Amino acid sequence: MTDAEDLRRRTAELLAAHPPAETERLEFLRARFDAGLAWVHYPEGLGGLDAPRSLQAVVDAELAAAGAPGNDPGRIGIGLGMAAPTILRFGTDEQKRRLLRPLWTGEEVWCQLFSEPGAGSDLAALATRAVREDGGEAGSAGDWIVDGQKVWTSSAHLARWAILIARTDPGLPKHRGISYFICDMTDPGVEVRPLRQITGEAEFNEVFLTGVRIPDSRRLGEVGEGWKVAQTTLMNERVAIGGARIPREGGMIGVAAADWRARPELRTHDLHQRLLTLWVEAEVARLTGERLRQQLTKGQPGPEGSGMKLAFARLAQEISGWEVEFLAEDGLTYDDWTMRRPDGVDFTGREAGYRYLRAKGNSIEGGTSEVLLNIVAERVLGLPPEPRTDKDVAWKDLPR
Amino acid sequence: MNDGTPLTGTPAPDPDLLYSQEEDALRDAVRSLFADRSDPATVLAGLESEAAYDTALWRALATDIGAAGLLVPEKLGGAGASAREAAVVLEEVGRCVAPVPYLTSAVIAVTALLGCDHDQEDVAAPLAALAGGGTVGVLAVPLPTAPGGPAPSAVRAAADGALTGRVTSVADAAGAGLLLVPAEGPDGPALYAVEAAADGVRTEPVTPLDLTRPLGHLTFDGARGRLLATGDRARTAVAGALLTGAGLLASEQLGVAEWCLAETVRHTAERTQFGRPVGSFQALKHRMAALWLEVASARAAARNAADALATGSADAPVAVAVAQAYCAPVAVRAAQECIQLHGGIGMTWEHPAHLFLKRAKSDELALGSPGRHREALAGLVALDAP
């Protein structure tokens, strides 16, 4: 069993063989992956050492202290948080060997082709079709031909690969007729169009899929089992959202508190009361996240992860709204409406107006707050589900 | 304890927010005692009796389980545990609104005595008595007194040690044998120990909002006490007791909220209306899910306060203010939702929900309201008022 001491020794060896100051960034990241120090709980040969997940912190601390380059998780979060755990669980050996290393180093960016304009929170209602090609040319028989439209796709304009869910049997009820694929974003028929949003920039994209050919070897899981595979992806998304560690006054409340200290002339009693309430709530949300992290470290994952995103979304909106109001005349201005396509999202960057508008999305993206409340109510509290009218009806017969 | 320096910028400490195995074992013992002896029907039946608290239940908790002495070092007759363990007991007290003077005697009075010089027999003897659970002690301050405020000084001590004055709304006063009385003496603040049965001491029970935590007014008319501490020592002993009380009250509030949520979920999953369990309606589910998140958050806040008090962290005043500002309204909201989502039955005397609302609302005022704690926080984290 790999223990903390062993990991410290391996990390020291990596640093000795590839001194960060003299090693090119990508070369260092590849070496780190090959040494099994990328994600230590992954299998040997796939960037890990089959070690307990909690020991990753040991490696990260040693590498940070040595000034080693990181793999920019903000930019490749979808690959790390969603694609990788799904490939690890459902992928073939060949898929794992080909895909995980460049995913982890950031050489290949991933995006997620799940949401559709007609489905929204009812994700399993998706209409993108994947039809198995019959009797084409020799060697190509069994490829899938995909047609449809996806939306809210972060990083699609940067991505080499996508995880994709598509309907493979419209005659079955909606959850059962879905399959899960890996889509090559450079293939013919994949068109990415920026989707300009409330802030003026285009963080997301629409993705149009027209006759896109995907070989059957890039399917994850069995035909018709795509919904089950997607559950792994979505569960990991929510764990990733709840897992970050922040200091007191980290994130948006820190910006608001700094504003308060810097602008005494704008203070009112009402704003003071509300700021203190938000400060308490932000501190408690931080502690709740910290408690969840401690549970995960001890191997006792709690259900709090499903709730953390709810708290984060509500607080981000309230704090940024408070900030715009506090800044008075300055709150009425906006820094820049120029249409841009940023590489990632910075929730606390730019100005108060941008933060306020961007935060509105926090209760929608990655599962709306309403869907998350249902998940908490049914899976954590065990409350009975709402009666459903779509459960045993073929997808093709559902009203749309 | 905090010397008043703003704590912003100091690195947040690394609190342990989980429960240890020992804490889980203690919880099991307390929970099974309360399940046997303090179920809602028993608590309800005892409400209108003349007894100040359930003496048999108190003896079992305080003496048999040894919970009264958790905060007292072993050499002084206690268990040498910490605020973390006492917090676990209080979660269980809150979970069944147990009518026992745990917060007042085993937490606040004990902490006040621990703040005095316990090499003195006059301090060590009452500490051992409280730790054993045979004596109930209370700090003679009004229940709403917040930590960090000016020292309460409703009582004057004459040069010969005779105490005069009136202290209103003291929790568990009627059941207490020993009163710890903060007083203003000729040389400044002082803390005295007075036998409740002594000449010149009068206890008037008042009808409390929360019947499970009785209140009394205390009048001292030339009563004689033993001097426990004077000056800064007396002031910090009282301040430390109030801070510890407020920080651990958050765990009681967590327990109250937990029971209310669990009972509401149980009821709405079973109760059928309009042909469905009412708990399947999204409008109700979302309210319970939101409450669950608040309860989970209250647990983190309460654990953080207990850990900061247990480790003597410089961050304790912030941790306590945050826990009180957050947990008090969560308990009240949980109790209000519990009654609302039970419908008519929630408004009846025979359903125990009202006991929890009364405890939650009374706890919200106890040891400083949320607004008082936010005000304290403004000074502690450098967010000055206009």
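Just so we're clear, the structure is a prediction, and the values are computed from it rather than from any experiment. In what follows, every heavy atom counts, from backbone to side chain, and hydrogens, waters and symmetry copies are set aside. Below, chains carry the letters A, B, ... as their sequence lines are ordered, and counting in each starts from 1.
Here the straight-line distance linking atom CG of B/L383 with atom CH2 of A/W279 works out to 7.5 Å at 0.5 Å rounding. Distance CD/A/E283 to CG/B/L377: 8.5 Å, rounded to 0.5 Å.
The neighbour count for A/W152 CH2, taken as heavy atoms of other residues, nucleotides or ligands under 6.0 Å away, does not exceed 12. No more than 12 heavy atoms of other residues, nucleotides or ligands shown are found within 6.0 angstrom of CZ on B/R372. Counting non-hydrogen atoms of other residues, nucleotides and ligands closer than 6.0 Å to CZ of A/F326 gives a total above 12. Heavy atoms of other residues, nucleotides or ligands lying less than 6.0 angstrom from CG of A/L398 number more than 12.
A donor-acceptor contact closer than 3.5 angstrom is absent between the side chains of B/D384 and A/H272.
Comparing A/V380, A/L276, A/L271, A/L266 by heavy-atom pairs within less than 4.5 Å of chain B, the highest count is held by A/L276. For the set A/E265, A/E370, A/E281, the entry with the most heavy-atom pairs within less than 4.5 Å of chain B is A/E370. Your options are A/P385, A/A377, A/P384, and the one with the most heavy-atom pairs under 4.5 Å with chain B is A/P384. When the candidates B/A300, B/P386, B/A289 are compared by the number of heavy-atom contacts under 4.5 Å with chain A, B/P386 comes out ahead. Of all the listed residues (B/S297, B/A296, B/A323, B/P370), the one sharing the greatest number of non-hydrogen pairs under 4.5 Å with chain A is B/S297.
Taking 4.5 Å as the heavy-atom cut-off, none of the residues of residues 85-92 of chain B approach chain A. At a heavy-atom separation below 4.5 angstrom, chain A is approached by B/R276, B/P277, B/G279, B/S280 within residues 271-280 of chain B.
Residue A/T277 touches chain B through both its backbone and its side chain, counting heavy-atom pairs closer than 4.5 Å. With a threshold of 4.5 angstrom between heavy atoms, B/L293 approaches chain A through side-chain atoms but not through N, CA, C or O.
Two residues are said to be in side-chain contact when any heavy atoms from C-beta on lie closer than 4.5 Å; A/V376 and B/K285 fail this criterion. In this structure the side chain of A/E290 never reaches within 4.5 angstrom of the side chain of B/N304, judged on heavy atoms. Contact of the A/N374 side chain with the B/H286 side chain is registered, since non-hydrogen atoms from C-beta on lie closer than 4.5 Å.
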- [ ] Check the pair B/Q282, A/L373 against side-chain contact (heavy atoms from CB on, under 4.5 Å), reporting the backbone distance first and the verdict last.
- [x] CA-CA 9 Å; B/Q282 198 172 70; A/L373 286 167; over 6 Å; no

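At distances below 3.5 Å, at least one donor-acceptor pair connects side-chain atoms of A/R291 with backbone N or O atoms of B/L17. Between the side chain of B/R374 and the backbone N or O of A/Q273, no donor-acceptor pair lies under 3.5 Å.
Taking every heavy atom of both residues into account, A/L383 and B/M288 meet most closely at CD1-CE, 3.7 Å. Considering every non-hydrogen atom in both B/V322 and A/V280, the closest pair reads O-CG1, 3.9 Å.
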